[in-house]
Engineer: 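Have a look at this one.
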Amino acid sequence: MTTILDVSDVDARYGDVHALFGVSLRVREGETVAVIGANGAGKSTLLRTIAGLLRPNRGSVSFVGRDVTGLPAYRRQPLGIALVPEGRRLFPSLTVQENLQIGAYRRRPGRWSLTAVYDLFPRLAEMRHRSASALSGGEQQAVAIGRALMCNPRLLLLDEVSLGLAPVVVKQVYAALPAITATGTTVLVVEQDVGQALRVADRVQCLLEGRVALEGTAAGLTREAVAAAYFGVNG
């Protein structure tokens, strides 16, 4: 299976704050990989580094065999990297459909279109002319995912999809993942909800204070091992 993403020995900082320490991660095409960890573990920083919003102080990021470490986000998106940011970041004054259409700017060839997104999230079709500010949290999350899909990414980065949503809504959002991966899209999801991550992922990596504490297949990791890595408890 082809390696689509190769993060190698990455350090990242926000000014004087050291957020990532020598983090490496490989993602194969067609996989769903979850990065888990407590708040402040460095999960979102890792996604921002992959997306090109933050340049690492050390290490490299390669996408489909190409070194993209020095490329800004606007040059990575046409290559096939799309980020669904934490907090959704919709344009509140625009309609659902207008927010989705923004995602199609500089889109790649592929199956994702307004019709395909509405098929994936039928509720959005009913609300296409409604302002994004009038939507529930779950509906906004669906729009944010749909907007990212509109550019037909090879790699979809999902940052804290479940944050602030009711459990039943989280299940509904995650239920869309199989349809997304069935199109050939690779998914890298950052998640605090360990149970949800283990249910949807092929492989899991756990970060603790900016370092890799554990990684392996979701099926091969025990909950005890995951909990120990998540909280930094020695076995």
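Throughout, numbering of the chain's residues begins at 1 and tracks the sequence. This is a predicted model, so every value here is computed, not measured.
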Engineer: L214 versus L221: any side-chain heavy-atom pair under 4.5 Å?
Structural biologist: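 A side-chain contact under 4.5 Å exists here.
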Engineer: Rounded to the nearest 0.5 Å, what's the gap from CD on Q101 to CZ on R128? Could you check?
Structural biologist: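 Those atoms lie 10.5 Å apart.
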Engineer: So which atom in T49 and which in A12 form the shortest heavy-atom distance, rounded to 0.1 Å?
Structural biologist: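 Heavy atoms of T49 and A12 come nearest at OG1-CB, 4.1 Å.
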Engineer: Could you tell me whether the side chain of E139 and the main chain of S136 form a donor-acceptor pair under 3.5 Å?
Structural biologist: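 Checked: pair present.
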Engineer: To the nearest 0.5 Å, how far apart are CZ in R211 and SG in C206?
Structural biologist: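 Rounded to the nearest 0.5 Å, the CZ-SG separation comes to 14.0 Å.
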Engineer: Check whether any side-chain N or O of Q205 sits under 3.5 Å from a backbone N or O of I36 as a donor-acceptor pair, and report yes or no.
Structural biologist: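 Here the side-chain-to-backbone pair does not exist.
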Engineer: Please tell me whether D67 and S62 have a donor and an acceptor in their side chains that are separated by less than 3.5 angstrom.
Structural biologist: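 Result is no, nothing qualifies.
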Engineer: Would a distance-only check, ignoring hydrogens and angles, find a side-chain to backbone donor-acceptor pair under 3.5 Å from D11 to N57?
Structural biologist: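 A pair under 3.5 Å: no.
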Engineer: Taking side chain as C-beta onward, heavy atoms only, is V204 less than 4.5 Å from V33?
Structural biologist: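 In short, these two side chains do not touch, never coming nearer than 4.5 Å.
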Engineer: Test: side chain to side chain donor-acceptor pair (under 3.5 Å). Region: residues 169-180. Which pairs qualify, not counting sequence neighbours?
Structural biologist: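 Sorted result for residues 169-180: Y174-E191.
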Engineer: Are any side-chain N or O atoms of T185 and backbone N or O atoms of T181, one a donor and one an acceptor, separated by less than 3.5 Å?
Structural biologist: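 It does not hold such a pair.
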Engineer: Out of curiosity, Y105 OH to M150 CE, how far, rounded to the nearest 0.5 Å?
Structural biologist: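 Separation between the atoms: 15.0 Å.
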Engineer: Checking side-chain contact (heavy atoms from CB on, under 4.5 Å) for the pair L79/L71: CA distance, chi angles, key distance, verdict?
Structural biologist: CA-CA 11 Å; L79 299 178; L71 293 184; 3.9 Å; yes
Engineer: Kindly say whether T95 contributes a backbone atom to a donor-acceptor pair with the side chain of E98 at under 3.5 angstrom?
Structural biologist: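 Yes, E98 side chain to T95 backbone: donor-acceptor pair under 3.5 Å.
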Engineer: Would you say that more than 12 heavy atoms from the other residues, nucleotides or ligands in this model lie under 6.0 Å from the CZ of R26, or not?
Structural biologist: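 Not buried by this count: 12 neighbours or fewer within 6.0 Å.
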Engineer: Are L157 and L149 linked, directly or through other ILVMFWY residues, by side chains that come within less than 4.5 angstrom of each other?
Structural biologist: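 No, it is not one cluster - the side chains of L157 and L149 are not joined through contacts under 4.5 Å.
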Engineer: With clusters defined by side-chain heavy atoms of hydrophobic residues (ILVMFWY) lying less than 4.5 Å apart, directly or transitively, does V200 cluster with L165?
Structural biologist: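 Same cluster.
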Engineer: Mind checking what makes side-chain hydrogen bond (donor to acceptor under 3.5 Å, both in side chains) contact with D202, not counting sequence neighbours?
Structural biologist: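 By the side-chain hydrogen bond (donor to acceptor under 3.5 Å, both in side chains) rule, D202 matches no residue at all.
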Engineer: Got V64 and L155 here, is their nearest side-chain heavy-atom distance under 4.5 Å?
Structural biologist: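 When only atoms from C-beta onward are counted, L155 and V64 do not touch, as no gap falls below 4.5 Å.
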Engineer: Quick check: are there more than 12 heavy atoms from other residues, nucleotides or ligands sitting under 6.0 Å from CZ of R199?
Structural biologist: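 Yes, because the 6.0 Å sphere around CZ of R199 holds more than 12 heavy atoms from other groups.
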Engineer: Shortest non-hydrogen contact from V10 to P56?
Structural biologist: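 Minimum heavy-atom contact is CG1-CB, 3.8 Å.
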Engineer: Do side-chain atoms of S162 reach the backbone of V170 as a donor and acceptor pair under 3.5 angstrom?
Structural biologist: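 Answer holds: no.
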Engineer: Quick one: does N152's side chain have a donor or acceptor within less than 3.5 Å of a partner on R111's backbone?
Structural biologist: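 Pair found, side chain donor or acceptor close to backbone of R111.
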Engineer: Name the residue from V212, D6, L188 that meets the side-chain contact (heavy atoms from CB on, under 4.5 Å) definition with L25.
Structural biologist: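 Output: one option passes, namely L188.
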Engineer: Using side-chain contact (heavy atoms from CB on, under 4.5 Å), reason through L83 and L47 one step at a time and then give a plain yes or no.
Structural biologist: CA-CA 8 Å; L83 171 67; L47 285 199; 4.2 Å; yes
Engineer: From L156 CG over to I81 CD1, what is the distance, rounded to the nearest 0.5 angstrom?
Structural biologist: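 Result: 11.5 Å between the selected atoms.
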Engineer: How about E29 and R154: do any of their side-chain heavy atoms sit closer than 4.5 Å?
Structural biologist: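 Sidechains of R154 and E29: in contact.
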Engineer: Can you tell whether the side chains of K43 and E160 come within less than 4.0 Å, N to carboxylate O?
Structural biologist: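 Yes, this pair counts.
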Engineer: May I ask you to test the R76-V61 pair for a side-chain heavy-atom distance under 4.5 Å?
Structural biologist: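 Heavy-atom side-chain distance check passes, below 4.5 Å.
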Engineer: Please assess D159 against S44 for the test side chain to side chain donor-acceptor pair (under 3.5 Å), listing each intermediate value before the final yes or no.
Structural biologist: CA-CA 6 Å; D159 195 359; S44 293; 2.9 Å; yes
Engineer: I'd like to know whether CZ of R75 has more than 12 heavy-atom contacts from other residues, nucleotides or ligands below 6.0 angstrom.
Structural biologist: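 Open.
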Engineer: If you round to the nearest 0.5 Å, how far is CD of Q97 from NE2 of H129?
Structural biologist: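 Nearest 0.5 Å value for the NE2-CD distance: 6.0 Å.
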Engineer: Which heavy atom of A218 sits nearest a heavy atom of A201, and at what distance?
Structural biologist: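 The pair with the smallest heavy-atom distance is CB-O, 3.2 Å.
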Engineer: Which residue, D9, L46, L54, V7, forms the side-chain contact (heavy atoms from CB on, under 4.5 Å) with L20?
Structural biologist: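 Among D9, L46, L54, V7, the one meeting side-chain contact (heavy atoms from CB on, under 4.5 Å) with L20 is L46.
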Engineer: Near R58 CZ, under 6.0 Å, is it more than 12 heavy atoms from other residues, nucleotides or ligands?
Structural biologist: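 Atom CZ in R58 is crowded, with more than 12 foreign heavy atoms closer than 6.0 Å.
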Engineer: Test of understanding: clusters of I, L, V, M, F, W, Y form through side-chain heavy atoms closer than 4.5 Å, transitively. Do I145 and L135 belong to the same one?
Structural biologist: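 Shared cluster, yes.
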Engineer: With a cut-off of 6.0 Å (strictly less than), are more than 12 heavy atoms of other residues, nucleotides or ligands near OH of Y14?
Structural biologist: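 Enclosed.
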Engineer: Please report the closest heavy-atom contact between P85 and R147, naming both atoms and the distance.
Structural biologist: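 For P85 and R147, the tightest heavy-atom pair comes out as CD-NH2, 4.1 Å.
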Engineer: Side-chain contact test, heavy atoms from C-beta onward, threshold under 4.5 Å: evaluate it for W112 versus L120 and give yes or no.
Structural biologist: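 Yes, their side chains come closer than 4.5 Å.
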Engineer: Checking the side chain of R108 only, and the main-chain atoms of C151 only, is there a donor and an acceptor separated by less than 3.5 Å?
Structural biologist: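 Between the backbone of C151 and the side chain of R108 there is no qualifying donor-acceptor contact (under 3.5 Å).
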Engineer: Do Q141 and V161 touch side chain to side chain, with heavy atoms closer than 4.5 Å?
Structural biologist: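 A side-chain contact exists here, since the closest heavy-atom pair is under 4.5 Å.
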Engineer: L207, Y230: one ILVMFWY side-chain cluster at the under-4.5 Å cut-off?
Structural biologist: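 They do not share one cluster, since no chain of ILVMFWY contacts under 4.5 Å joins L207 to Y230.
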Engineer: Can you find a heavy atom in the side chain of R28 that is under 4.5 Å from one in the side chain of L5?
Structural biologist: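 A side-chain contact under 4.5 Å is absent here.
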Engineer: In terms of hydrophobic clustering (I, L, V, M, F, W, Y; side-chain heavy atoms under 4.5 Å; direct or indirect links), are L124 and V169 co-clustered?
Structural biologist: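 Same cluster: L124 reaches V169 through Ile, Leu, Val, Met, Phe, Trp or Tyr contacts under 4.5 Å.
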Engineer: Return yes if a side-chain donor-acceptor contact under 3.5 Å exists between S113 and Y118, otherwise no.
Structural biologist: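 Their side chains do not contain a donor-acceptor pair, so the 3.5 Å distance test is not met.
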Engineer: Kindly check if the number of other-residue, nucleotide or ligand heavy atoms within 6.0 Å of CD (E209) is above 12?
Structural biologist: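 At most 12 heavy atoms, drawn from other residues, nucleotides or ligands, come within 6.0 Å of this atom.
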Engineer: Considering non-hydrogen atoms only, spot the tightest contact between A148 and V84 and give its length.
Structural biologist: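 Minimum heavy-atom contact is CB-CG2, 3.6 Å.
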Engineer: I need the R88 CZ to N99 CG distance, nearest 0.5 Å.
Structural biologist: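 Atom-to-atom, R88:CZ and N99:CG are 12.5 Å apart.
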